[in-house]
Amino acid sequence: QVQLVESGGGLVQAGGSLRLSCAASGRTFSTYAMGWFRQAPGKERAFVAAISSSGGSTSYAGSVKGRFTISRDNAKNTVYLQMNSLKPEDTAVYYCAAAYRPPTYSRYSYYTGGSDYDYWGQGTQVTVSS
C-alpha cells in the first residue's frame, strides 16, 4: 500500500513556473514507476509525464515536452514535476500516481496509461492566468 500526497500547486501568471512534489509513504518507493496526470474542468484525465522506478527513463505528453521535467529522489520517496513556461491551458488539477511492478519487470519501464497505475494522490490545483 502506498499513500501519495501532492503539493506545490497554486496560481501563477502565464510564463511562470511551479514545481509540484508528490511524497510517497512506505519503504518500497524505488520499486514504483511514477506518473503525473492532469484533469481540466469538463475534460478527461490526461497523461502529463512518467518516470521509471530507476529514474533512468522518462516520457512526456507532446503538449508539455520541453517545458515540464519529471524527476524523482528515491532517498526522499518523492517525485517532482518542474513546470516552466506555463500556459493558461495548463490549468488543471494535477495528480501523481504510482505503478507497482514485480522485480522481474525492467526498472527502466514507464507507463502512460491511467489504468497502468495502482495508487493515486488527491490532486493539487494549478491555475495559470493569462
Side-chain angles (χ1 to χ4, degrees):
Q1 188 81 12
V2 173
Q3 291 186 323
L4 304 172
V5 179
E6 302 98 334
S7 61
L11 173 65
V12 64
Q13 288 189 330
S17 297
L18 283 174
R19 188 174 84 153
L20 305 184
S21 299
C22 174
S25 65
R27 295 179 292 178
T28 59
F29 177 72
S30 62
T31 64
Y32 289 81
M34 301 296 294
W36 286 96
F37 291 77
R38 66 187 181 186
Q39 187 166 21
K43 295 190 175 182
E44 302 265 325
R45 182 180 61 196
F47 167 74
V48 175
I51 189 166
S52 63
S53 60
S54 69
S57 300
T58 58
S59 178
Y60 298 92
S63 59
V64 308
K65 192 173 291 185
R67 299 188 297 123
F68 290 12
T69 302
I70 188 171
S71 62
R72 67 189 295 160
D73 186 335
N74 285 345
K76 295 183 178 180
N77 282 16
T78 302
V79 63
Y80 305 97
L81 185 68
Q82 177 67 45
M83 305 186 295
N84 298 329
S85 302
L86 282 161
K87 304 175 181 180
E89 51 264 43
D90 294 318
T91 295
V93 177
Y94 283 71
Y95 299 91
C96 75
Y100 172 75
R101 295 294 181 272
T104 51
Y105 281 68
S106 170
R107 296 191 68 233
Y108 292 90
S109 295
Y110 53 78
Y111 305 96
T112 61
S115 60
D116 291 320
Y117 290 85
D118 306 298
Y119 304 100
W120 294 82
Q122 82 289 350
T124 185
Q125 177 70 47
V126 171
T127 303
V128 184
S129 64
S130 57

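Values reported hereafter were calculated over all heavy atoms of this structure, with side chains retained and with hydrogens, waters and symmetry mates removed. Keep in mind it's a predicted model, so treat the numbers as computed, not measured.
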Step by step, work out the side-chain contact (heavy atoms from CB on, under 4.5 Å) result for Leu4 and Met34.
-> CA-CA 11 Å; Leu4 304 172; Met34 301 296 294; 4.0 Å; yes

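- We find the CZ-CH2 distance between Phe47 and Trp36 to be 13.0 Å, quoted to the nearest 0.5 Å.
- Of all the heavy atoms in Ala50 and Tyr110, the pair that sits closest is CB-CB, 4.0 Å.
- Residues Phe68 and Arg38 come closest through the heavy atom pair CE2-NH1, 4.0 Å.
- Looking only at side-chain heavy atoms (C-beta outward), Asn84 and Ser17 come within less than 4.5 Å of each other.
- Considering all non-hydrogen atoms of both residues, Ser109 and Ala33 come closest at O-CB, 3.9 Å.
- The environment of Tyr117 atom OH is dense: over 12 non-hydrogen atoms of other residues, nucleotides or ligands sit within 6.0 angstrom.
- At distances below 3.5 Å, not a single donor-acceptor pair connects side-chain atoms of Arg72 with backbone N or O atoms of Gly55.
- Here the side chains of Tyr105 and Ser53 are not in contact, with every heavy-atom distance at 4.5 Å or above.
- Put simply, CE on Met83 and CZ on Arg19 are 11.5 Å apart, with the number rounded to the nearest 0.5 Å.
- Nearest heavy atom pair, residue Thr91 against residue Ala40, reads O-CB, 3.6 Å.
- Hydrophobic clustering, with ILVMFWY side chains joined whenever heavy atoms are under 4.5 angstrom apart, groups Val64 together with Val12.
- The minimum heavy-atom distance linking Phe29 with Asp73 is given by the pair CE2-O, 4.1 Å.
- Closest of all the heavy-atom pairs between Ala23 and Thr78 is CA-OG1, 4.2 Å.
- From Asp90, atom CG reaches atom CG of Leu18 across 10.0 Å, with rounding to the nearest 0.5 Å.
- Between the SG atom in Cys96 and the CD1 atom in Ile51 there is a gap of 12.5 Å [rounded to 0.5 Å].
- Side-chain atoms of Ser52 come within 3.5 Å of backbone N or O of Arg107 as a donor-acceptor pair.
- Note: the hydrophobic cluster containing Tyr100 does not contain Tyr111 (ILVMFWY, side chain heavy atoms under 4.5 Å, direct or indirect links).
- Note on Tyr80 and Val2: separate hydrophobic clusters, where clusters join Ile, Leu, Val, Met, Phe, Trp and Tyr whose side-chain heavy atoms are under 4.5 Å apart, directly or indirectly.
- Atom NZ of Lys87 is separated from atom OG of Ser130 by 14.0 Å, given to the nearest 0.5 angstrom.
- Val48 and Tyr95 end up in different hydrophobic clusters when Ile, Leu, Val, Met, Phe, Trp and Tyr side chains are linked at under 4.5 Å.
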Could you please spell out the steps behind the side-chain contact (heavy atoms from CB on, under 4.5 Å) verdict for Glu89 and Val128? CA-CA 8 Å; Glu89 51 264 43; Val128 184; over 6 Å; no

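- Both Tyr60 and Leu86 belong to a single network of hydrophobic side chains, linked directly or stepwise wherever heavy atoms of I, L, V, M, F, W or Y lie under 4.5 Å apart.
- For Ser25 (side chain) and Gln3 (main-chain N/O), a donor-acceptor pair under 3.5 Å exists by modelled atom type.
- Residues Arg101 and Asp118 form a side-chain contact, since some pair of their non-hydrogen atoms from C-beta on lies under 4.5 Å apart.
- Enclosure of atom CD in Gln125 by more than 12 non-hydrogen atoms of other residues, nucleotides or ligands within 6.0 angstrom is indicated.
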Q: With side-chain contact (heavy atoms from CB on, under 4.5 Å) as the test, would you mind laying out the steps for Glu6 and Leu20 before giving the verdict?
A: CA-CA 7 Å; Glu6 302 98 334; Leu20 305 184; over 6 Å; no

